[in-house]
Amino acid sequence: MSRERPHLTVVADANALAKAAADRLLKRINQGSRRLAVCLAGGSTPERLYGLLATEPYCSAVPWNRVHWFWGDDRFVPRNDSRSNAGMARRLLLDRVPAPLGNIHAMPTSVKDEVEAARLYEVELRRFYGAEQLDPGRPLFAMVLMGLGADGHTASLFPGHAGLDETERWVMGVDQAGLEPFVPRVTLTFPALASTREMLFLVSGTGKREVLKRVLCGSDLPAARAYAEGNVVWLVDREAAPERRHVA
Ligand code: 6PG
């Protein structure tokens, strides 16, 4: 399990970020020949990556029948709402590639409320995993994509939220978001997000430079608390990177 200070890989710009992320994801997906799960991030930063994966050479290189797609968090809004993370990823990627519908595990945002959605999604994750307890030696995910909010949140784990200390549940409902869009959320908890061979943070733009610096300095922000059974990789573009960081 890695809890050390984040190691940064700095790339030139948002396009280079999407390409570097796509190459890492493809490498992870093609390790092994069995069924695997990828956990997608929401927000705007991964949009370029999702669009790229739907194009060649990536589209032909992904074994779509073997890959199952889950989400680290979503806004509790209908799938066709422009704020829906699942809606975005389907529009830019999953509806444009031969991904079997049964392999797409979006959070159920048309149920009573975010708490019920979280309960149902946890049941689905446990059913997919095939056990009640997460085994450090058998991570749930091959890769978990993560973002960084300007307030230091990641997934929908916001500063000061009780969910930051959750150790049992895999999924939680969040009634109050700390940042736009101010709608209820459903989020995986740190233990569930940590059950991965690779946790890949994507950070882009000058708007993230300050908060990234705070994460790197060890400030007690949700994104700085994230950990993984496998590697934690921070892929950031030059605009977001603190000054004087070498560009890969
Ligand atoms: C969400 C996300 C969230 C996101 C960050 C960064 O649903 O909002 O999952 O955690 O990753 O807010 O968002 P941007 O990429 O849009 O800056």
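We count ligands from 1, going down the list as the structure has it; atoms in each ligand are counted the same way.
When each atom of ligand 1 is checked for a heavy atom of G147 under 4.0 Å away, the hits are 11 (O). Atom numbering of ligand 1 starts at 1 in the shown order; those under 4.0 Å from a heavy atom of R75 are 1 (C), 7 (O), 8 (O). When each atom of ligand 1 is checked for a heavy atom of R185 under 4.0 Å away, the hits are 1 (C), 7 (O), 8 (O). Heavy-atom proximity to K208, at under 4.0 Å, picks out these atoms of ligand 1: 6 (C), 14 (P), 17 (O). Ligand-side atoms of ligand 1 in range of T45: 14 (P), 15 (O), 17 (O), range being under 4.0 angstrom from any heavy atom.
Here the side chains of L157 and L193 are in contact, with some heavy-atom distance below 4.5 Å.
Counting heavy atoms under 4.0 Å from ligand 1, residue L148 touches it through the backbone alone.
The minimum heavy-atom distance linking F158 with V174 is given by the pair CD1-CG1, 4.3 Å.
By the 3.5 Å distance cut-off applied to N or O atoms, A155 is counted among the residues near ligand 1. Every N/O-N/O distance between T154 and ligand 1 stays at or above 3.5 Å. Note: an N/O pair closer than 3.5 Å links N85 and ligand 1 by distance alone.
Atom OG in S195 sits 4.5 Å away from atom CG in L134 (nearest 0.5 Å).
In this structure, R91 is not positioned above the aromatic face of Y50 in the sense of NZ or CZ being under 6.0 Å from the six-membered ring centre and within 45° of the axis.
Within a 6.0 Å sphere centred on CD of E56, heavy atoms belonging to other residues, nucleotides or ligands number more than 12.
Between D13 and R238, no side-chain nitrogen of the basic residue sits less than 4.0 Å from a carboxylate oxygen of the acidic one, so the salt-bridge criterion is not met.
Annotation: atom 5 (C) of ligand 1 to nearest protein heavy atom, H153 NE2, 3.6 Å. Among protein heavy atoms, atom 9 (O) of ligand 1 sits closest to D73 OD1, 2.6 Å. From the protein, the heavy atom lying nearest to atom 13 (O) of ligand 1 is G43 CA, 3.9 Å.
Side-chain atoms of R126 come within 3.5 Å of backbone N or O of E132 as a donor-acceptor pair. Between the side chain of N103 and the main chain of W64, a donor-acceptor pair closer than 3.5 Å is present.
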